[in-house]
There are 2 protein chains.
Amino acid sequence: MKKRSNDRSQCPIRLTESLIGGRWKTIILWLLSKRSMRFNELRRELSGITQKVLTEQLRELEEDRLIHRKVYEIVPAKVEYSLSGQGERLIPIVVMMCSWGEEYLSQELAREKLPQENSQG
Amino acid sequence: MKKRSNDRSQCPIRLTESLIGGRWKTIILWLLSKRSMRFNELRRELSGITQKVLTEQLRELEEDRLIHRKVYEIVPAKVEYSLSGQGERLIPIVVMMCSWGEEYLSQELAREKLPQENSQG
DNA sequence: CTGTATCCTGTGTGATACTG
DNA sequence: CAGTATCACACAGGATACAG
């Protein structure tokens, strides 16, 4: 285990956060939960990400054993990324984050349309 | 809803992340899920946090309607923080992050004790 | 007790160019 | 195709001091 964020293992919640907290990590896990993908496939899905950053995120996920990286020794190069067991166990959390976000969004949009401040809380 | 991270609402997962992604936010939500707390109570539990940062995190959580802030107009000042409905709906996610982190930790610790690299993936 | 106001810094992320 | 190497920078987070 790396020390990237040195407060790892102090608190399990923070530990989990530090592992999936990267700008793109949850989305990458989400994509890989559907099927394993190659570098450029991920790049296309994650429009806006740079090669450097995608590489970094993938390296960290791999180091933390959340994903597997399989290199095919052929030309042109081929690398496939897939979830590890621990990565898979993370998916329910990502799914919950997704549906919570959708619910939150719809509630906030509803709020904005209201004439009065009616505290939905 | 604020624009703090401007990629909000593009992706519900990222939206959720942006709301709870602060250095202390999940822990704060976790603490408030047990009972509402005052400023200095939180400060004591979150050893290491500065007043400024705690204030910031609480303000953001409040702005995003994840917590309530109740001011008692007395001297000395008294302010109580508690979860909102949307904040409460977040707790299951925090709980899952906690147990995932514990599981992850025990597996990683087990790995480190092994003589051979046996990929527990 | 519950905050503001400044000032400062590390790290994560991005732009761009190059490579086996 | 799947990277690496630099350079740059915003911004979250921290240290410290002051205030209603």
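First the proteins, then the strands, lettered A, B, ... as listed; each starts at 1.
- Atom CD in B:E41 sits roughly 11 Å away from atom P in C:dC1 (whole-Å rounding).
- Regarding contacts with the backbone of D:dG3, a side-chain N or O of A:R59 is found under 4.0 angstrom from either OP1 or OP2.
- The distance from atom CG of B:N40 to atom C1' of C:dT2 is 7 Å, rounded to the nearest whole Å.
- Between A:Y81 and the phosphate of D:dC1, there is no side-chain N or O to OP1/OP2 separation shorter than 4.0 Å.
- Where the helix from C:dC1-D:dG20 to C:dG20-D:dC1 starts and where it ends, the local axes point in directions that differ by 50°; five pairs per end, rounded to 10°.
- Going from atom CZ of A:F39 over to atom P of D:dA2 covers 7 Å, rounded to whole Å.
- Put simply, the side chain of B:I13 reaches to within 4.5 Å of the side chain of A:C98, judged on heavy atoms.
- Two residues are said to be in side-chain contact when any heavy atoms from C-beta on lie closer than 4.5 Å; A:V94 and A:I20 fail this criterion.
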*Would B:Q57 and B:V53 satisfy side-chain contact (heavy atoms from CB on, under 4.5 Å), going step by step from the backbone distance to the final call?*
CA-CA 6 Å; B:Q57 303 273 303; B:V53 171; 4.0 Å; yes
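- Annotation: side chain of B:I49 is not in contact with side chain of B:L42 (no heavy-atom distance under 4.5 Å).
- Salt bridge A:R59/A:E63: absent, no basic N to carboxylate O contact under 4.0 Å.
- Separating the CG atom of A:L42 from the P atom of D:dG3 is a distance of 10 Å, rounded to the nearest angstrom.
- One atom, CD of A:E73, and another, P of D:dG3, lie 12 Å apart when rounded to the nearest Å.
- B:L54 places its CG atom 17 Å from the C1' atom of D:dT16, with the value rounded to the nearest Å.
- Note on A:E17 versus A:R14: salt bridge recorded, some NZ/NE/NH1/NH2 to OD/OE distance being below 4.0 Å.
- Put simply, CG on B:L61 is 11 Å from P on D:dG13, counting in whole angstrom units.
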*Test side-chain contact (heavy atoms from CB on, under 4.5 Å) on A:W24 and A:L54 and set out the steps.*
CA-CA 8 Å; A:W24 306 88; A:L54 178 53; over 6 Å; no
*asked:* Using salt bridge (Lys or Arg N to Asp or Glu O under 4.0 Å), reason through A:E45 and A:K34 one step at a time and then give a plain yes or no.
replied: CA-CA 13 Å; A:E45 299 288 334; A:K34 298 172 184 170; over 6 Å; no
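- Using a 4.5 Å heavy-atom threshold, the side chains of A:I67 and A:L29 count as touching.
- For the pair B:L46 CG and D:dG13 C1', the interatomic distance rounds to 14 Å; values are reported in whole Å.
- B:R38 comes within 4.0 angstrom of sugar-phosphate atoms only, judged by non-hydrogen atoms across all strands, and of no base.
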*Reading 5' to 3' through nucleotides 13-19 of chain C, protein heavy-atom contacts under 4.0 Å coded B for base, S for sugar-phosphate only, - for none*: BBB----
